[in-house]
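First comes the structure, then the notes that go with it.
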Amino acid sequence: MLMLVAQGVDPVESDKQRRREAVDLAFSNYADRFAGSCKGKGWKLLVKRSLTLHIKPVLRDKPLPTITRADIVAALYRMPDEQVGNRRNVFAVMRRLFKWAISRGDITSSPMEGMETPPPVKLRERWLRTRNCAASGITPPKHIAASVRSSGS
């Protein structure tokens, strides 16, 4: 304690900060508060699902100010390679969470600063057959329906 005082650090304030990081800024608790602040049914569901399935198991109760880019990369690349779109969504949730933390003054900079967004999902080309259109209630335009009938598809 004398060393802290000699360095000009208030030991009581230092202890308060350490407790705050351990409880209030523990990632799991903080992530729950972030999820609770989200608006919009779809976004809120995506945030809760991303946090529960992909982010919290990796970051657990690590204090927010101590999270590094390596921790984030570990969370993202723990996901299967086939989940390209999901990885991009998790990245967006994490980026928004850290921006929210900065805006609240809980951290000074985001560990995601300068990280590249994962690549978008490649578009797939899909064709519906006329019977699939009818089954789903979609009416194809007349010129397409006529050409499909004549080709037998």
| task | Indicate if Val73 and Met79 have the same hydrophobic cluster label, given that clusters are the connected sets of ILVMFWY residues with side-chain heavy-atom separations under 4.5 angstrom. | result | yes
| note | d(Phe91 CZ, Thr117 OG1) to nearest 0.5 Å is 4.0 Å
| Going by the salt bridge (Lys or Arg N to Asp or Glu O under 4.0 Å) test, which pairs reach into residues 108-121, not counting sequence neighbours? | none
| message | As a quick check of understanding, evaluate side-chain contact (heavy atoms from CB on, under 4.5 Å) for Leu97 and Leu51, giving each step before the final call. | response | CA-CA 10 Å; Leu97 183 145; Leu51 290 171; 4.2 Å; yes
| request: Check whether any side-chain heavy atom of Asn86 lies under 4.5 Å from a side-chain heavy atom of His54, and answer yes or no. | output: yes
| Does a side-chain heavy-atom distance below 4.5 Å link Arg78 with Pro57? | yes
| Phe34/Arg104 under side-chain contact (heavy atoms from CB on, under 4.5 Å): CA gap, chis, key distance, verdict | CA-CA 11 Å; Phe34 171 70; Arg104 293 170 43 103; over 6 Å; no
| message | Test side-chain contact (heavy atoms from CB on, under 4.5 Å) on Leu64 and Phe27; report intermediate values, then the result. | response | CA-CA 6 Å; Leu64 207 61; Phe27 184 80; 3.8 Å; yes
| query | Quick one: salt bridge (Lys or Arg N to Asp or Glu O under 4.0 Å) pairs with a partner in residues 40-56, sequence neighbours left out? | reply | Asp32-Lys56
| said: Just verifying a value: how many Å separate Arg33 CZ and Trp100 CH2, rounded to the nearest 0.5 Å? | reply: 6.5 Å
| query | Of Val47, Leu53, Leu46, which meets side chain to side chain contact (heavy atoms under 4.5 Å, CB included) against Ser50? | reply | Leu46
| note | In terms of heavy-atom contacts, Tyr30 and Asp24 come closest through CD1-O, 3.7 Å
| Same apolar cluster: Tyr77 and Val121, side chain cutoff 4.5 Å | no
| field | Between CZ on residue Arg96 and OG on residue Ser110, distance to nearest 0.5 Å | value | 11.0 Å
| request: Verify side-chain contact (heavy atoms from CB on, under 4.5 Å) between Gln83 and Val90, making sure each step is shown before the conclusion. | output: CA-CA 10 Å; Gln83 294 186 4; Val90 170; over 6 Å; no
| Heavy-atom closest pair, residues Cys38 and Trp43 | SG-NE1, 3.5 Å
| Do Val84 and Met115 sit in the same hydrophobic cluster, where Ile, Leu, Val, Met, Phe, Trp and Tyr count as joined when their side-chain heavy atoms come under 4.5 Å apart? | no
| With a 4.5 Å limit on heavy-atom distance, are the side chains of Pro120 and Arg88 in contact? | yes
| Closest non-hydrogen atom pair, Met112 against Ile72 | CG-CD1, 3.3 Å
| For the residue pair Asp61 and Ser28, what are the closest heavy atoms and their distance? | OD1-CB, 3.1 Å
